[in-house]
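First the structure, in the form of structure tokens, and then the observations on it.
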Amino acid sequence: MTRRLTLLLAAGAAALALTAAGQPSALAQVQPGLWEISGAAGASTPIRQCVADVAALARFEHRNKGCSASTLKDTGSAAQIDYSCGGSGFGHSEVTVLTPRSLRISTQGISDGLPFNYVLQARRIGDCPLSMRH
């Protein structure tokens with residue numbers, strides 16, 4: 001019985017690790033492409049960005065940094081994501097899927113030693129033009 005319990009615990013831990021490492025299921029219906037993001041700190045107009053990994057929008061404040069992320073909560077329409085970017089800071093975001101082409105991202109944390117806290121509206125406006133692809 002102890003061996004069986006150990007195997008069950010190991011299987012559960014492996015499943016949890018896979019969930020934390022993979023894209024949240026809440027974002028499964030959302031496609032990469034050209035996104036228009038409103039509400040970014042310091043931006044007076046919406047930002048257009050070619051997004052290959054939709055989950056990366058949760059790390060918008062640190063979008064040009066190498067970060068690791070883990071999914072804390074994942075429902076059919078929302079995900080809570082914590083991420084860390086080494087010396088550049090960290091954050092916590094809640095991504096709500098309003099429609100497959102519209103997201104609400106509430107994010108807060110520390111970026112380059114300073115706090116941030118804002119809400120983004122992201123809207124998929126099409127495919128990425130060749131000139132914006134990486």
Side-chain angles (χ1 to χ4, degrees):
M1 183 161 159
T2 303
R3 181 167 160 44
R4 178 185 252 182
L5 181 59
T6 302
L7 289 174
L8 285 173
L9 289 174
L16 183 60
L18 286 174
T19 301
Q23 183 175 25
S25 63
L27 299 179
Q29 61 184 323
V30 182
Q31 293 183 355
L34 183 60
W35 285 77
E36 185 174 81
I37 299 122
S38 303
S44 57
T45 60
I47 297 168
R48 288 189 173 192
Q49 183 174 339
C50 188
V51 176
D53 175 14
V54 178
L57 288 171
R59 302 183 302 275
F60 188 81
E61 177 70 23
H62 295 91
R63 61 191 171 277
N64 298 322
K65 313 283 190 210
C67 304
S68 61
S70 62
T71 302
L72 302 178
K73 184 176 179 184
D74 188 6
T75 67
S77 62
Q80 289 183 4
I81 300 167
D82 271 357
Y83 65 90
S84 178
C85 307
S88 297
F90 59 89
H92 173 85
S93 297
E94 182 165 341
V95 181
T96 304
V97 178
L98 304 173
T99 73
R101 301 176 66 87
S102 179
L103 306 174
R104 180 178 183 275
I105 304 160
S106 177
T107 186
Q108 63 182 340
I110 301 292
S111 180
D112 294 324
L114 298 172
F116 67 90
N117 182 2
Y118 52 86
V119 176
L120 301 170
Q121 297 294 327
R123 175 173 76 98
R124 187 179 189 278
I125 56 175
D127 295 328
C128 294
L130 290 176
S131 62
M132 293 182 80
R133 293 183 185 168
H134 300 240

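Bear in mind the structure is a predicted one, so any value in this text is a computation, not a measurement.
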Give every donor-acceptor pair under 3.5 Å between a side-chain atom in residues 36-44 and any protein atom, sequence neighbours left out.
from: E36; atom 1: OE1; to: R123; atom 2: NH2; distance (Å): 2.7
from: E36; atom 1: OE2; to: R48; atom 2: NE; distance (Å): 3.2
from: E36; atom 1: OE2; to: R48; atom 2: NH2; distance (Å): 3.3

Please step through side chain to side chain contact (heavy atoms under 4.5 Å, CB included) for the pair L72 and H92, ending with a clear verdict.
CA-CA 10 Å; L72 302 178; H92 173 85; 3.9 Å; yes
Heavy-atom nearest pair, E94 first then A78, reads OE2-CB, 4.4 Å
Please tell me if the side chains of L57 and V51 come closer than 4.5 Å, counting only heavy atoms from C-beta onward.
yes
Roughly how far apart are R59 CZ and S84 OG, rounded to 0.5 Å?
11.5 Å
Keeping D74 on the side-chain end and P24 on the backbone end, is there a donor-acceptor pair under 3.5 Å?
no
Output the distance between atom CD (Q80) and atom OG1 (T96), rounded to the nearest 0.5 Å.
9.0 Å
Run V97 and L103 through side chain to side chain contact (heavy atoms under 4.5 Å, CB included) and show every step you take.
CA-CA 5 Å; V97 178; L103 306 174; 3.8 Å; yes
Got a sec, which pairs hit disulfide (SG to SG under 2.5 Å) with one end in residues 72-112, sequence neighbours left out?
C67-C85
Step by step, would you call L98 with Q121 a side chain to side chain contact (heavy atoms under 4.5 Å, CB included)?
CA-CA 10 Å; L98 304 173; Q121 297 294 327; 4.0 Å; yes
Enumerate, atom names and distances included, each donor-acceptor pair closer than 3.5 Å involving a side-chain atom of residues 106-113, sequence neighbours excluded.
from: T107; atom 1: OG1; to: S93; atom 2: OG; distance (Å): 2.8
from: S111; atom 1: OG; to: E61; atom 2: OE2; distance (Å): 3.2

Stepwise side chain to side chain contact (heavy atoms under 4.5 Å, CB included) test for F60 and L120:
CA-CA 9 Å; F60 188 81; L120 301 170; 3.6 Å; yes
Would you give the length of the straight line joining atom CD1 of I81 to atom CG of L27, rounded to the nearest 0.5 angstrom?
6.0 Å
